[in-house]
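Residue numbers start from 1 in every chain, and the chains themselves are labelled A, B, ... in the order their sequence lines are given, proteins ahead of strands.
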Amino acid sequence: MRVDGLLGKLPAVLLVLLLGACGGNQVRELQTAQDTLALTGAEKRRWYEANELDKVLRNRGILLEDAAANAYVQNLMDELYPEFAGSIRARIAKSSELNAYALPNGSVYINLGLLARMHNEAQLAMVLGHEAAHFIEQHGLRQREAADGMVVAGVALTVLTGIPFSGQLMMASAMSGYSQDFERAADQRGFARISERGYDTRQAAEVFRIMREEVEALDIAQPYLYSSHPKLSERVDTLSEMAGQSPNGNGTLGLQRFEREVGHLRGRLLAQYLQEQDFKRLMLILEDQQRRAAYPEYARFYLGEAYRLRGDEGDQEKSLQAYRAALEDAPAFAPTYRALGLQAMQDGDKAQAIEYLQQYLGLNPAARDRKYIQGYLAKLGKAS
Amino acid sequence: MVVGVLLLGGCAGQWVKVGNGEQQVQAERYSVSLPDNWVKRALNDELIVSRDGPDLQQIVVRAASHAKAFPNIERESRADMLPSELSAMFVAELKKKYPDGLPSLKIERDEPAQLDGHEGFFLQLAYSTDSGVRYGMLVYGAASEKGFVSISFDAPLIHFFERDRAVFERTSASLKLL
């Protein structure tokens, strides 16, 4: 399979972005969008390289095709940083990883896997505020000193983000202290912006609490950020303390608009986790009843699938219970019937299997796996 | 690509021309008849064959024990696994090989198929490279008592995919699971 530099080219390009000629020059902080119209030589080079990277990412198909959701994220970014409207382009990437990142040219990407795990607009605003700060303070350009100690190109995306790109966690310890400062600076600027816009500042810490919870649940040995970065717990503590001193501790959550504009993405994320057979994340977010309440009514189908995929002792019964519960919660959700039908087939209960599988095809006549199911039904028919 | 070649260099065999009566390959878990005058190379548990170079077309035969069938998603295959489940695992494994989950991957066809009489799956996929070139991919896969076997073909949709598709179909029809 040929995908060019999925494992090579992108990190190399990013490394160039980070290690480029910025040593010795004073790197300015951008004040408004106007500043991006008169770039210095080094800035122009980083901009050009970042534009090329944008093209690679686009070619790679990372952009989520949901115009309304993308427009919402962009609008929110513009509301947070009106002085940079038109300069910071915020987009949603399809990846299910808990991640967001900024490029030196003002491109900010937030992964579906992070966006759909946020609980409200205040949390999303914190993520966007943080990433935009990397652009405004030109951390990509300033990173050379911090990156001098790096030996592995693959860490590059992490450098920009403070939230590592998938598969790069083990390289995190290569980072030096500068990034720690940058991440703290981005946290502080993001926090200040959400406070100024009247959001509940306690939600800033919640973003990192969600990340910390995932690190613990997925048993990631060296959590997320490099040893020199502010650790997740430290960030939670620091941002909680800042919220305690903030006048907007009881600001808005922006819950209604968030749910209206991007709430539907949670269902998509569940489907993506299932396609990736990522049962650990499905269980992490769906086993807890309170957390599951934010997800679509058919969510327990995905919990059942998670148990089936894990396949530990007792999981078959757990998956059946979850499927049955999903059937009660969302009787028109077709995949639950398929799951129950396949389970009945495996158990030798042919009549029940036929009934469920026929119901599945009845509810979803255009199912992509229709030919498989028809084949199973044909066999069951012959056997019964 | 260069980085990948460097990293893989240590375990890759040499490219060898197929021909002079060497079209038939017999491995531990399969035998297959390769297209004459193409080149072949063994790489770990894969046999790769190409006519003009793997960027332009490649047929890959992969055979693994059940325990090592889907290492990236840490799942095993079984001889009695449903074809639809094998297909889902194959797609998940493919996506997991790439740090960003191969976001351009599109499943165009996913249906039951036979591989040497074993019930399995057929997938038609499409994806694009970093430079925006669209590739097509065809896959047959099945599980036997010995493990999981797949044969795949991928090539740029422009010219090569349609031109060499028939060669792939002949090659996959010659595949025998041992």
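For chain A, no part of I48(B) is nearby; none of its heavy atoms comes within less than 4.5 Å. For a residue to count as touching a neighbouring chain, one of its non-hydrogen atoms must lie under 4.5 Å from one of that chain's; by this rule F121(B) touches chain A with backbone and side chain alike. For a residue to count as touching a neighbouring chain, one of its non-hydrogen atoms must lie under 4.5 Å from one of that chain's; by this rule F279(A) does not touch chain B. With a threshold of 4.5 angstrom between heavy atoms, L342(A) approaches chain B through side-chain atoms but not through N, CA, C or O.
Atoms CD and CG, from E85(B) and D369(A) in turn, are 12.5 Å apart once rounded to the nearest 0.5 Å. Atom OH of Y372(A) sits about 3.5 Å away from atom CG of D110(B), to the nearest 0.5 Å. One distance of note links CG of L105(B) with NZ of K94(A); it measures 9.5 Å at 0.5 Å rounding.
Classification of R368(A) and E111(B) as a salt-bridged pair fails, no side-chain N sitting under 4.0 Å from a carboxylate O. Salt-bridge annotation for E74(B) and R310(A): absent, with no side-chain N of the basic residue lying under 4.0 Å from a carboxylate O of the acidic one.
Looking at K96(B), R75(B), E93(B), K95(B) one by one, the single match for side chain to side chain donor-acceptor pair (under 3.5 Å) with Q277(A) turns out to be R75(B). Exactly one of K55(A), R60(A), R58(A) qualifies for a side-chain contact (heavy atoms from CB on, under 4.5 Å) with D130(B). That residue is R60(A). Partner D100(B) forms a side-chain contact (heavy atoms from CB on, under 4.5 Å) with one of N111(A), N99(A), I62(A), L57(A) and no other, that one being I62(A).
I158(B) CD1: 12 or fewer foreign heavy atoms inside a 6.0 Å radius.
Annotation for P103(B) and G61(A): closest pair CB-O, 3.3 Å, computed over non-hydrogen atoms.
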With side chain to side chain contact (heavy atoms under 4.5 Å, CB included) as the criterion, how do M89(B) and L309(A) come out once you've worked through the C-alpha distance, each side chain's angles and the decisive distance to 0.1 Å? CA-CA 10 Å; M89(B) 286 177 10; L309(A) 291 173; over 6 Å; no
Would Q346(A) and L82(B) satisfy side chain to side chain contact (heavy atoms under 4.5 Å, CB included), going step by step from the backbone distance to the final call? CA-CA 9 Å; Q346(A) 197 174 323; L82(B) 292 173; 5.9 Å; no
